[in-house]
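Quick notes on the structure that follows.
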Amino acid sequence: MNIAENITALREGLPGRVKIVAVSKTMGVERIMEAYQAGQRIFGENKVQELLEKQPLLPDDVEWHFIGHLQTNKVKLVVPLVKLIHAVDSEKLLQHIDREGQRIGRKIECLLQVKIAREESKFGLRREDATRLLKAYLQDEFRFVTIRGLMGMATFTSDTEQVGKEFAFLSAFYRELKDGLFAHDDGFREVSMGMSGDYDIAVKNGSTMVRIGSLIFGERTYAT
Ligand SMILES: *Cc1c(COP(=O)(O)O)cnc(C)c1O
């Protein structure tokens with residue numbers, strides 16, 4: 001299977017509401033262009049340096065999403081290049097993004113990353129902290145940010161029941177916000193969850209955005 005066929009097969013298996021973020025980390029421009037020519041427009045990167053290198057080499061209508069952990073001192077570099085930041089996992093990071101949005105005169109679209117996995121290593125806000133931050137946002141504390149929804153990463157495990165529980169938790173939290181605090185905010189509408197190994201479970205649980213790398217581009221090989 002080539003990249004174009006992979007994208008077509010993936011698209012055909014997904015409900016229309018679900019957007020595909022093609023995770024192009026470690027992939028060269030040529031392979032990204034193959035996906036682009038197959039109609040893919042949303043690409044996700046998780047390293048600032050890689051994004052900076054690739055962005056100028058690809059067409060202007062590519063919609064870049066930053067999906068990785070973002071350090072506050074890199075916010076300035078990333079913000080002008082991206083349509084959506086998926087993994088805002090602290091108040092401090094949101095403040096930096098807000099400040100940068102103000103500086104360039106544009107509202108920056110973000111998702112809050114909620115910790116749903118069991119692993120210690122995964123980033124994300126606890127539910128209470130996310131709620132507190134969202135309340136501050138609704139009270140206009142971050143005027144150069146638009147919060148579009150939530151993002152989460154499930155535990156890396158073959159236990160599909162566990163993964164299902166984690167996605168269901170994120171989905172229920174989103175629903176509660178959508179019907180409560182955000183009942184009058186149509187802009188709050190995305191749940192970014194699901195990767196190559198677990199996207200079907202995520203979609204069953206209400207994902208609106210899946211972040212797919214290896215299923216589109218093949219296995220990644222990391223330079224050592
Ligand atoms: C790498 C990565 C993905 C995609 O992983 P695959 O298993 O290749 O689909 C999704 N989300 C994040 C945050 C990633 O870093």
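Read the numbers this way: they start at 1 and go in the same order the structure lists the ligands and their atoms. These values consider heavy atoms only, across backbone and side chains, with no hydrogens, waters or symmetry-generated copies.
- Paired with E45 under the rule salt bridge (Lys or Arg N to Asp or Glu O under 4.0 Å), one option of K54, K25, R211 passes, and it is K54.
- Geometrically, R41 engages Y36 in a cation-pi contact, judged by NZ or CZ lying under 6.0 Å from the ring centre and within 45° of the ring axis.
- No more than 12 heavy atoms of other residues, nucleotides or ligands shown are found within 6.0 angstrom of CD on E161.
- When atom types are taken as modelled, the side chain of Y137 and the backbone of I147 share a donor-acceptor pair closer than 3.5 angstrom.
- Between the side chain of R99 and the main chain of L94, no donor-acceptor pair closer than 3.5 Å is present.
- Ordered by chain and residue number, the residues placing a heavy atom less than 4.0 Å from ligand 1 are V23, K25, N46, I67, M153, M195, S196, R211, I212, G213, S214, R220.
- Under the 3.5 Å distance criterion, the side-chain polar atoms of D179 are left unmatched by any main-chain donor or acceptor of E176.
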